[in-house]
Amino acid sequence: MFELQTQTYASKREHYADLAQQARGLLAGERDLVANAANFAALVFHGLPGLNWCGFYLYDGRELVVGPFQGKPACIRIALGKGVCGTAAQTRQTQVVRDVNAFDGHIACDAASQSEIVVPLVKADGNLLGVWDVDSPHVARFDEDDRAGMEALCAVFMETVAA
């Protein structure tokens with residue numbers, strides 16, 4: 001049985017490094033995308049403070065479709081280039097949005113969300129799997145340490161995805 005360990009950390013970097021280690025253990029030996037995505041979302045949601053939603057939007061060849069997540073019900077479909085998720089998917093660059101109200105074209109799935117970070121998920125063969133989306137009810141919740149930490153966590157997740 002997996003047990004989420006909670007403790008006090010000296011820095012965000014240390015916290016993310018610990019979460020990455022926990023993610024490796026949680027996902028080890030499992031290849032099912034949905035199972036790993038569901039457990040990964042639960043790990044991050046319960047492992048980081050100040051979140052109100054986190055989860056996956058998976059690319060179906062035309063648009064992003066909501067996948068495993070933690071939080072309130074979400075928008076089901078997002079077009080490439082639309083909102084923070086669609087922008088991350090189209091540009092294949094992590095988007096760190098300190099204030100979603102200042103992001104032109106933000107899609108408000110949950111009005112409580114005030115900041116957001118979205119990491120594009122690209123398979124080893126270069127094809128887009130989707131995006132990892134994390135929201136917070138706090139303005140400026142995410143910074144460059146979160147970008148590095150989320151990208152490292154997503155790299156652990158992507159190790160379980162076949163090309």
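Computation of the quantities below employed the complete heavy-atom set of this structure, encompassing side-chain atoms and omitting hydrogens, waters and symmetry-equivalent molecules. Computed from a predicted structure; not experimentally measured.
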Pairs touching residues 69-83 that satisfy side-chain hydrogen bond (donor to acceptor under 3.5 Å, both in side chains), sequence neighbours left out: E63-R77
Not counting sequence neighbours, which residues clear side chain to side chain donor-acceptor pair (under 3.5 Å) with N52? List them please. D110, S113
Just grab all the disulfide bond (SG atoms under 2.5 Å apart) pairs involving residues 121-153, residues at least two apart or on different chains. none
Residue set satisfying salt bridge (charged side-chain N to carboxylate O under 4.0 Å, His left out) with R31, at least two apart, ordered chain then number -> none
Taking only residues two or more places apart in sequence, or in another chain, which ones meet Y59 in a side chain to side chain donor-acceptor pair (under 3.5 Å)? none
Return each pair, listed once, that meets side-chain hydrogen bond (donor to acceptor under 3.5 Å, both in side chains) where at least one residue sits in residues 144-159; pairs must be two or more places apart or across chains. K12-D146, R13-D145, Y16-D146, T94-E151, R141-D146, E144-R147
Pairwise ring pair (Phe, Tyr, Trp, His ring centres under 6.0 Å) hits with a residue in residues 105-132, at least two apart: F40-W132, F56-W132
Disulfide bond (SG atoms under 2.5 Å apart) with C109: which residues, sequence neighbours excluded? C75
Among pairs that include at least one residue of residues 75-104, which meet ring pair (Phe, Tyr, Trp, His ring centres under 6.0 Å), considering only residues two or more places apart or in two chains? none
For A20, enumerate each residue passing the side-chain contact (heavy atoms from CB on, under 4.5 Å) test, keeping only those at least two apart in sequence or located in another chain. R24, L153, V156
Just grab all the ring pair (Phe, Tyr, Trp, His ring centres under 6.0 Å) pairs involving residues 60-89, residues at least two apart or on different chains. W53-F69
D32: what forms a side-chain contact (heavy atoms from CB on, under 4.5 Å) with it, not counting sequence neighbours? E30, V34, A35
